[in-house]
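Report on the following structure.
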Amino acid sequence: MKKIFPLLACFLLVAITTANARPIKALIVTGQNNHNWQVSHIVIEKILENSGLFEVDCAITPPKGGNMAEFKPDFDKYQVVILDYNGDSWSDETNSKFMDYVKKGGGIVVYHAADNAFSGWDEFNKVIALGGWENRNEKSGPYLYVKDGKIVLDESPGVGGSHGAQHEYIMNAFDKKHPIMKGLPTHWKHAQDELYDRMRGPANIKSLLYTAYSSPEKNGSGREEPLIFTVDFGKARIFHTMLGHAGATVEDSPAMQCTGFQVTLLRGAEWAATGKVTQKVPADFPTATTVSMRKDYKQP
Ligand code: ZN
């Protein structure tokens, strides 16, 4: 079977449905992950394309141990690059093209385990601001969490990155003024997901948008953890969401079927691409007490 690298037209390229004359060009980077990337990248593509705002391509790397010299996406063709990748290093050429794209003011979405990737690549760690696993520790930078309404940077030694049992949890707004946040509730209940905790890194968060309390009862940190934020890195617009653990199938991925995950992803991706958010908050957005899920990923 012939494989086409680096670009594969994805699954639903035709689903541009609204009157938006010029959809935002988005690239999903995937192909290796300790997660089910075969599910997650299709789901992200569905979410983006069902909104009618985006036209999506996927850049799929060779599998683990493959020839990474073949992986040469043209980042510059896109207004936003969504990272769904946690695997082998890219080639030096691709690394430098990616960083050029970022530094020229590119749009980036860091999704879930993409913040596990490339722990030894200093500039990449500044793109994600906080990361986990892959031998991260106090040398990676401080922990960052919220205590008594203030951001705390904590240099104490220890591992970077962990999570307790999956569960439903409440998202708490921090910076309500950011365009991504306009009209979103102060508190909403997220569907069953991992809650990343004890992440560490350069901690160059620009706007901390949502946190959640990582309960020791669920084997969490006992801290109010940063889960959705933007990153301060030159001219780039970077949106980082730690939510959205992929399930076994597209139809069984509750964290990604959560309306709150989908809406924040869409708003973050539009902002990363354009600096604005034109989307209205939909009526099916979760409340502080009730989870809301789009099992078929259809948007009202
Ligand atoms: Zn996960």
Side-chain angles (χ1 to χ4, degrees), residues 28-48 58 60-61 63-64 82-88 108-119 124-125 127-136 140 143-145 159-171 189-201 209-221 223 225-229 239-265 268-269 291 293-295 297:
I28 300 171
V29 173
T30 191
Q32 292 184 36
N33 210 308
N34 62 324
H35 285 67
N36 194 348
W37 66 267
Q38 291 90 340
V39 164
S40 59
H41 85 282
I42 295 294
V43 168
I44 291 169
E45 188 192 14
K46 275 178 183 285
I47 294 167
L48 293 176
C58 296
I60 298 180
T61 66
K64 193 169 178 54
I82 296 110
L83 299 175
D84 177 24
Y85 183 83
N86 176 24
D88 290 355
I108 298 286
V109 172
V110 180
Y111 154 69
H112 197 59
D115 64 22
N116 298 191
F118 305 139
S119 58
F124 183 80
N125 283 302
V127 171
I128 62 176
L130 293 172
W133 297 274
E134 303 296 321
N135 302 314
R136 284 179 173 86
S140 314
Y143 297 116
L144 185 151
Y145 49 87
V159 293
S162 60
H163 62 75
Q166 291 190 35
H167 61 292
E168 295 176 351
Y169 50 86
I170 305 294
M171 300 292 290
K189 194 171 194 184
H190 182 33
Q192 178 176 304
D193 199 350
E194 294 166 344
L195 197 171
Y196 278 10
D197 65 46
R198 290 173 269 230
M199 304 292 275
R200 53 196 320 167
L209 305 182
Y210 276 108
T211 62
Y213 179 64
S214 173
S215 170
E217 281 172 28
K218 300 289 183 187
N219 220 8
S221 63
R223 295 170 179 166
E225 297 281 358
L227 295 182
I228 302 181
F229 50 85
F239 173 78
H240 185 159
T241 180
M242 295 190 185
L243 308 186
H245 180 82
T249 63
V250 168
E251 295 76 25
D252 180 21
S253 287
M256 304 188 85
Q257 286 162 309
C258 171
T259 303
F261 168 75
Q262 296 185 21
V263 169
T264 50
L265 177 74
V291 165
M293 291 172 66
R294 295 170 174 172
K295 300 227 171 182
Y297 301 98

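Counting begins at 1 with the first residue of the sequence. Numbering of ligands and ligand atoms starts at 1, following listing order.
No donor-acceptor contact under 3.5 angstrom links the side chains of R198 and S221, judged on distance only.
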Discussion item. Working note: F124 + V110, criterion side chain to side chain contact (heavy atoms under 4.5 Å, CB included); need CA distance, chi angles, decisive distance, verdict.
Written reply: CA-CA 11 Å; F124 183 80; V110 180; 5.8 Å; no

Side chains of residues 128-135: which donor-acceptor pairs under 3.5 Å do they make with residues two or more places apart or in other chains?
none

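Protein atoms of type N/O/S that fall under 2.8 Å from the Zn ion (ligand 1) number 4 in this view.
L144 places none of its side-chain heavy atoms less than 4.5 Å from the side chain of F229.
In this structure, K295 has no salt bridge (Lys or Arg N to Asp or Glu O under 4.0 Å) partners at least two apart in sequence or on a different chain. For R294, the salt bridge (Lys or Arg N to Asp or Glu O under 4.0 Å) partners at least two apart in sequence or on another chain are D284.
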